[in-house]
There are 2 protein chains.
Amino acid sequence: MKNKLEEIRKSHGIRQEDLAAALEVSRQTIGSLENGRYNPSILLAFKIARYFQLSIEDIFIYEEDVNHEQ
Amino acid sequence: MKNKLEEIRKSHGIRQEDLAAALEVSRQTIGSLENGRYNPSILLAFKIARYFQLSIEDIFIYEEDVNHEQ
DNA sequence: TATTCATGTAAAGCATGCTTTCCATTCAAT
DNA sequence: ATTGAATGGAAAGCATGCTTTACATGAATA
């Protein structure tokens, strides 16, 4: 899964640390999401989407697992 | 988080077992989601939404955590 | 009644999300 | 050159998602 979090966050002129505080997660969590180290839980995805007044689908891009049998 | 999975699944006339197979998860996972034992990962939420051709927000209802400081 | 079908649910174990702590890097401004 | 601000990222530990296995229940039907 890819995401536009860094781009969206920067377009709002907010630092990772302040976004993290607003969402009540750690700064490392935001950094890890932006750099693709892991995917958010659905609860965090909702929090992020609500914070930016976007839908989850606006921020997170699901790529169908075409090679699901390997 | 609440969800409309059972309602949506039934409106499509599909059994838990067949939905599970289509989504490549176990039947227990579907049952657990429908009965609120846990929330899906965002990947599974995307799979479910795509399967029913709905958005994640159409299926899963995020309720703001008003009492976040306890 | 006995059987079958769909669902509920629990337990143990593994994978992943998230935390805290810690240190490194980059860049702007002294 | 040094400092401070923002970010990158690793490690260990806890919480949660998901699996397999197993058993129970209710409804429908042979």
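Being a predicted model, the structure only gives us computed values, none of them experimental. Reckoned from all heavy atoms, side chains included, excluding hydrogens, waters and symmetry mates. Note on naming: letters A, B, ... go to the chains in the order of the sequence lines (proteins, then strands), and numbering restarts at 1 for each one.
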Nearest heavy atoms of B:I59 and B:I48, plus distance in Å:
CD1-CG2, 3.9 Å
Within the 4.0 Å limit for protein heavy atoms, which parts of nucleotides 22-30 of chain C are touched? Write it as a string from 5' to 3', B for base, S for sugar-phosphate only, - for none.
B--------
Counterpart residues, side-chain hydrogen bond (donor to acceptor under 3.5 Å, both in side chains), relative to A:K10 (two or more places apart):
A:E6
For DNA chain C, determine which residues of residues 51-61 of chain A have any heavy atom closer than 4.0 angstrom to one of its atoms, and list them numerically.
none
Those residues that, when tested against B:F60, pass ring-ring contact (aromatic ring centres under 6.0 Å, His included) (two or more places apart)
none
Separation of B:I30 atom CD1 from C:dG8 atom P, in whole Å?
11 Å
Taking the nucleotide of DNA chain D with the nearest heavy atom to each, does A:K10 or B:S26 sit closer to the 5' end?
A:K10
Determine, using the 4.5 Å side-chain heavy-atom cutoff (strictly less than), whether A:I61 and B:L43 are members of one ILVMFWY cluster.
no
Using a 4.0 Å cut-off to any heavy atom of chain B, which nucleotides of DNA chain D are the first and last in contact, reading 5' to 3'?
D:dG17 to D:dA22
Starting at CD of B:E17 and ending at P of C:dG8, how long is that distance when rounded to a whole Å?
13 Å
Heavy atoms within less than 4.0 Å of DNA chain D: which residues of residues 35-44 of chain A have one? Give them sorted by number.
A:N35, A:R37
Is there a path of hydrophobic side-chain contacts, each under 4.5 Å between heavy atoms, that joins A:Y38 and B:I42?
yes
Between A:L33 and B:R15, name the one whose nearest nucleotide on DNA chain C is closer to the 5' end.
B:R15
